[in-house]
Amino acid sequence: MPAFDIAAIEQKWQDQWDKQKTFVVTEDPTRPKFYNVQMYPYPSGELHMGHLRNYTYVDLLTRYKRMRGYNVLSPMGWDSFGLPAENAAIKTGTHPREFTEAKIPVMKDQLRRLGAVYDWTRELASHSPEYYRWDQWLFLQLWERGLAYKKKAAVNWCPKDQTVLANEQVVDGLCERCDSVVERRELAQWYFKITEYAERLLDDLSQLDEWPDRVRTMQENWIGRSEGARFDMQVADTDLSFDVYTTRPDTMFGMTFAVLAPEHPLVEQLVAGTDVESEVNDYVKQALLHSDLERMSEADKTGVFTGRHAINPATGKPVPIYVADYVLMGYGTGAIMAVPGQDQRDWDFATKYGIDIVRTVQPPEDWEGEAFTGEGPAINSGFLDGLDVDEAKAKTISWLESEGYGEGTVNWRLRDWLISRQRYWGSPIPMVTCDDCGLVPIPVEDLPVLHPDVEDYAPQGESPLAAVPEFVNTTCPKCGGHAKRETDTMDTFVDSSWYYFRYCDPHNSEQIFDPEKVKYWMPLDQYVGGVEHAVLHLLYARFITKVLFDMGLSPVQEPFARLFTQGMLVKDGAKMSKSKGNVVSPDHYYDRYGADAIRLYELFIGPPTDDAIWSDRGVEGTSRFLDRVWRMGVGESGDLVDRPETDDDVEVLREAHRTIERVTNDIDRFSFNTAVAAMMELSNTLMSYLRSDAGARRETFEEAYGYLLRMLGPMAPHVAHELWEITGGGSMLATEAWPEWDPEMVKRDVVTLVVQVNGKVRDKFEVAVDISEEAAVELALGSERVQSFLGDAPPRKVIAKPPNIVNLVAG
RNA sequence: GCCCGGGUGGCGAAACCGGUAAACGCGACGGACUUAAAAUCCGUUGCCCUCAAGGGCUUGUGGGUUCGAGUCCCACCCCGGGCACCA
C-alpha cells in the first residue's frame, strides 16, 4: 500500500489542472508550438491497460514539451460515428446517438482518472451535426473538383455488417472489422479519386523521415507503383481488340497465349454465337460467385478457351485467348499476355492446358526450375536477341511506340477509395438524384443533411435511411422537380481524415476552419496511434490533406511530421482486447496503486515500439519506487544535516545533472523505459546518500531532489505535483521549467581504464580522464596480472584509447 | 516468393559512434527490524569448474573483417509484421 492518500492527491490535482486551465492554449507566435495528437478514439467507455499505454505517452509529451517552453496543443475528440455504436445500439434497442452520448462522459472520466490533460475546449465528436456538416462540405468540394464520383462496379460486400468495404478494409479476403468472408457484388457506389494522387502520395513518403520505416514501406507496397508497357492486341478474324499490361515487355516473343479476367467486358462479345458460348459463360458465372478468398485458395489454376486467337504483335502469330480467374479485373487492364517461359503462373496454366512454352531469356546452365524470372540475355526474340532484360524492355517499348501498338506506362496497385456505406450511423452523403438533372449536389448553405430518426437501424442490404420516404423524396436543388436523396452514408474514415485540422478551430460555424489558425498549428509535431492504421487512416488523411492543400486551405502537403506507432499490450499470448476476453481493467490498479504507478509501469514496461506483456508485478515495482520518492520527500527516509559541502556532496549533485541529461535525451528519442530507469538510479543514489555515515547535506539533497521531482512531473504528475508543493517548490509544477544540466557538472574527472590482453579484460584502474597515452600504457604494463598473461615477451602490439581502454596483443 | 522488424540471464529488459555484456526493474536467496507477519532497509544473484584465490564460457547457428564484434559483412535457422495468382 502506498505511503500516501492516492485518491485525495489525484482528485486534488486533476481539479487544479481543470480549474486553472493549465493546458488550454491559443495561438502564440512568440513561443514555438508543439501540436501533439493521439488518434482520436471510438468512445467505447471501456479503456483498458493497452489503451492507457498510448494515452500515457501522449500525456507525457504534452507535459514535457510544456515544461520545455513549447506552446503545446493537445486536444481530444471522438470518432463517434460507425458500426460499433450502431451495432451496440441495435443490440440494446437504443438510438446510436443516445448510446454514444452516454459513453463519451464515461470515457472522459477514464482519461481524467489517468491524469491525462487536454485542451478540452477543443473537444469534437464526428457524430455531431456541427462536425459532419463539414464532412459533407468536404464531399461537395471533392465533387466539384471531379474527385468524387459514383460508379457501378464489382465491390467488396461484408455479409455480416451488410455494407460495402473499401479495398483497404479487406484483409486476406476477410472483413477487417468482423472477419467475415467478403463477397463480391455489382453495385453503384461512391468513390474518392485517391488514384489521382497516387504519385504524390508515393513520392512524398520520402519527406516523412520521422515516420517508422515499416509504415512507409506498407504504404509504398499498398500504392504499388510498377513500370511496364500497355499495348493493343487484335483478335484474329474480328475487328475486336483488347489492351494488355505487362511489366516484362522484353518477353513478348515468348507470349504463347493471352488471358482475360472473367469480368472482362470483351468476354461476352468474343464468344457470342460460338459453340463455346455456354461453356465460357458458365465459367464466368462460377468465377463471379466465388469470393476472392475462395479464388485464391484454389491450388490449381482454372480457365477456359474462348475459341478465339489474338495476334502476338512481336511474332505476328495467333495465340489462343483464355478466360481464367487468376487474372484480376481490378489490376492493370484485366487482360494479360501470358509468357509461360518467364512467369510461373503462366507456366502452371500452360502445362495444365497443353500450351506451348518458349523461353525468351536464357537461364543459367544449371537451371532446373520451371519459369525463369531472373536476368539473362534474350533468346528466340528476333531483334531483341542478346540484349539483357533492361535493354530489351526499353527496346520493346520504343518498338511498340513506333509501330503504334502501345506505350511504356506506369501502373498503380492503388484503387479509388470506396466511401459509401449502407449503414445509418455515418455522415449522409449530400447528393440527390433528380428525375431530370441526374446527380445534383445539395447546396452548401443547406448543410448539414441531418439524419432522420428511423424505426429500425438494423441493416438490410441498403441504408436504413432508404426506408424513410420523407427523407428520400425531396426536390431537386437545380430544377425544383422531384428528386431522391442519396441514402448511403460516408465511411467513418472520411471523418477521421481531417479532424486534426478542425481541432485548430473547432467551433467555427462559418467555414471548415480558419486557414490562419491552421497555419499556426499544422503540421502535427507528433502523432501517436496504432500501426493497424498504416494503410487506412494514415493514407486517407495524407490524401485529404493534399486535397486541402490544393484548395489553398492547408499550409502543408503532409499532415503528420512525426509519427509514432506503439506496440501492443499482450496478455495470455494475445493482444489485449475485449473480443479476446483478456483485458486488464485499470480500476483495481487505480484503487490499489494509483494512476501514477500505472503510468510509470506503462512507460517502464519496455521499448514503446515493442509489444509488451502485462505483469502485475511490474506495477508493484513502480509503485515501490514512488513510495521511496515520497518517503524521501517527507523526511521519512533520513534526516538532513546542515554542514559545509564535501566532495561526496558534489558527486551527488553531479549524478543528478547526469540524470537530467539522460532523461532529457531519452524522452527526446522516445526511450521512456530507460528514462524511468535513470530516475530510479537517481532515487537509489539519494537513498544511499540519506543513509550514508556523513548524512545528507540539506542544500545538496534538496537541489537534487527538486530535479528528480521536476523530471517526474510529466511521468507521475499527481505525486510529483503534491511533493513539489509539500517541499516548497511552488503551487503548480506543470508550469515550471524542465531542469537543465550543467555540462561542467556532467563531466567526469575520474574514469575506469580497462586493460585487456588479447581483447580480454585483465585489469582495471581508476584514472584521470585526461590521462596521457604514455601514462595509460605504463600503468597497463605495470600490472602484475597483465604481466602474468603477457609472459616474458613484450607485447607485439599496443592499442591505447585513453582514458577508456588499453589492449595489449601478446607477442 | 519478395520487403521490413526481431532473437541477449529464471523473467521484462539495457548497452546511443565497434571499446568493461547484462544498467534499471521483477523474481529468488541471505541478513536487519518485529513476539510474529506485512511493509521497509541492507546485501547476493549470467552459466560452468573451484573450499578459495582464480580460471573458463556466454548475446539464435556457422563463417569472416578487426587489436577488439551483441553492434559491421556473408550464409543459414527461428519468431513477428507487411505485400502477393498484381501480370
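Within every chain, numbering begins at 1; the chains are lettered A, B, ... in the order of the sequence lines, protein sequences first and strands thereafter. In this text the structure is predicted, and so the values were computed from the model without any measurement.
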Tell me if the centroids of the rings in W614(A) and Y601(A) come within less than 6.0 Å of each other. yes
So which nucleotide does C2(B) pair with, by the Watson-Crick or G-U wobble rule with both distances under 3.5 Å? G82(B)
Partner of U65(B) by Watson-Crick or G-U wobble geometry, both contacts under 3.5 Å, or none? none
Between E199(A) and W412(A), do the side chains contain a donor N or O and an acceptor N or O under 3.5 Å apart? no
Please determine, for the side chain of I799(A), which listed nucleotide (G55(B), C85(B), G19(B)) has the closest atom? G19(B)
Using atom names, set out every protein N or O paired with an N or O of nucleotides 69-71 of chain B below 3.5 Å, distance rounded to 0.1 Å.
none

Please list, in numerical order, the residues of residues 676-686 of chain A that have a heavy atom closer than 4.0 Å to any atom of RNA chain B. A677(A), M680(A), E681(A), N684(A)
Base, sugar-phosphate, or nothing for R669(A), non-hydrogen atoms under 4.0 angstrom? base
Nucleotide of G27(B), C85(B), G25(B) approaching R617(A) most closely (side-chain heavy atoms): G27(B)
When you measure from the side chain of R785(A), which nucleotide among C67(B), G55(B), U40(B) comes out closest? G55(B)
Counting the benzene-type ring for Trp, do F305(A) and Y353(A) have ring centres under 6.0 Å apart? no
Checking all strands, does V327(A) fall into the base, sugar-phosphate, or nothing category for heavy-atom contacts under 4.0 angstrom? base
Expressed as a whole number of Å, how far does the C1' atom of A15(B) sit from that of U8(B)? 10 Å
Walk me through it: do E620(A) and R624(A) pass the test salt bridge (Lys or Arg N to Asp or Glu O under 4.0 Å)? CA-CA 6 Å; E620(A) 280 178 39; R624(A) 256 179 245 173; 3.8 Å; yes
Syn or anti for G7(B), with syn set at within 90° of 0? anti
Could you let me know what C76(B) is paired to, Watson-Crick or G-U wobble, both distances under 3.5 Å, or none if it's on its own? G60(B)
For residues 760-780 of chain A, dump all side-chain donor-acceptor pairs below 3.5 Å to protein atoms at least two apart in sequence or in another chain.
residue, atom, partner, partner atom, Å
D763(A), OD2, S783(A), OG, 2.6
E766(A), OE2, T752(A), OG1, 3.0
S772(A), OG, A775(A), N, 3.0

When we call it a touch if two heavy atoms are under 4.0 Å apart, what does G621(A) touch: a base, just sugar-phosphate, or nothing? sugar-phosphate
Need one value for Y601(A): base, sugar-phosphate or nothing, where a base atom within 4.0 Å counts as base even if backbone is also close, heavy atoms only. nothing
Scanning all shown strands, the Watson-Crick or wobble mate of G27(B) with both distances under 3.5 Å is U45(B)
Any R662(A) side-chain N or O less than 4.0 Å from OP1/OP2 of C24(B): no
Separation between the P atoms of G55(B) and C79(B), rounded to whole Å: 41 Å
When the C1' atoms of A14(B) and A23(B) are compared, how many Å lie between them, rounded to an integer? 5 Å
Please confirm whether the ring centroid of F349(A) lies under 6.0 Å from the ring centroid of F257(A). yes
Less than 6.0 angstrom from the centroid, inside 45 degrees of the normal: does R658(A) satisfy that with respect to the ring of W741(A)? no
Does the side chain of Y57(A) pick up a donor-acceptor pair with the side chain of E602(A) at under 3.5 Å? no
Rounding to an integer number of angstrom, what distance separates C16(B) and G64(B) when you compare their P atoms? 26 Å
Scan D346(A), T246(A), D343(A) and name whichever one has a side-chain contact (heavy atoms from CB on, under 4.5 Å) with I336(A). D346(A)
How far, in whole Å, is U20(B) from G68(B) if one measures between their C1' atoms? 12 Å
How is D346(A) classified with respect to the nucleic acid when contacts are heavy atoms under 4.0 Å: base, sugar-phosphate, or nothing? nothing
OP1 or OP2 of A14(B) under 4.0 Å from side-chain N/O of N673(A): yes
Counting the atoms with a prime plus P, OP1 and OP2 as sugar-phosphate, which does S226(A) contact under 4.0 Å by heavy atoms, base, sugar-phosphate, or nothing? sugar-phosphate
Regarding P607(A), tell me which of base, sugar-phosphate or nothing describes its non-hydrogen contacts under 4.0 Å with the strands shown. sugar-phosphate
For atom P, what is the distance between U40(B) and C57(B), given to the nearest Å? 41 Å
Mind telling me whether C4(B) is syn or anti, cutoff 90° either side of 0? anti
Which residues in residues 753-771 of chain A have a heavy atom closer than 4.0 Å to any atom of RNA chain B? V754(A), Q756(A), K760(A), V761(A), R762(A), K764(A)
Answer yes if the side chains of N411(A) and S226(A) hold a donor-acceptor pair under 3.5 Å, and no otherwise. no
Complement of A32(B), any strand, by Watson-Crick or G-U distances under 3.5 angstrom: U40(B)
Roughly how far apart, to the nearest Å, are A87(B) and G80(B) at atom P? 27 Å
It should be established whether Y331(A) places a side-chain nitrogen or oxygen under 4.0 Å from OP1 or OP2 of nucleotide A87(B). yes
For Y593(A) and T622(A), what are the C-alpha separation, side-chain angles and deciding distance, and is it a side chain to side chain donor-acceptor pair (under 3.5 Å)? CA-CA 9 Å; Y593(A) 304 105; T622(A) 54; over 6 Å; no
Would K301(A) count as a cation-pi partner of Y326(A), with NZ or CZ less than 6.0 Å from the six-membered ring centre and within 45° of the ring normal? yes
Each nucleotide N or O in nucleotides 79-82 of chain B that has a protein N or O under 3.5 Å away: list the pair and distance.
none

Would you say that more than 12 heavy atoms from the other residues, nucleotides or ligands in this model lie under 6.0 Å from the CG of D639(A), or not? no
What contact category does I605(A) fall into here, base, sugar-phosphate, or nothing, at under 4.0 angstrom with non-hydrogen atoms? sugar-phosphate
Roughly how many Å apart are U71(B) and U66(B), using the C1' atom of each and rounding to a whole number? 13 Å
Under 4.0 Å between any heavy atoms, over every strand shown, what does R216(A) touch: base, sugar-phosphate, or nothing? Just pick one. nothing
Check whether any side-chain nitrogen or oxygen of S615(A) sits under 4.0 Å from OP1 or OP2 of C11(B), and answer yes or no. no
Answer yes or no: is there a side-chain heavy-atom contact under 4.5 Å between N221(A) and M218(A)? no
Listed by chain and number, what are the side chain to side chain donor-acceptor pair (under 3.5 Å) partners of R184(A), not counting sequence neighbours? D292(A)
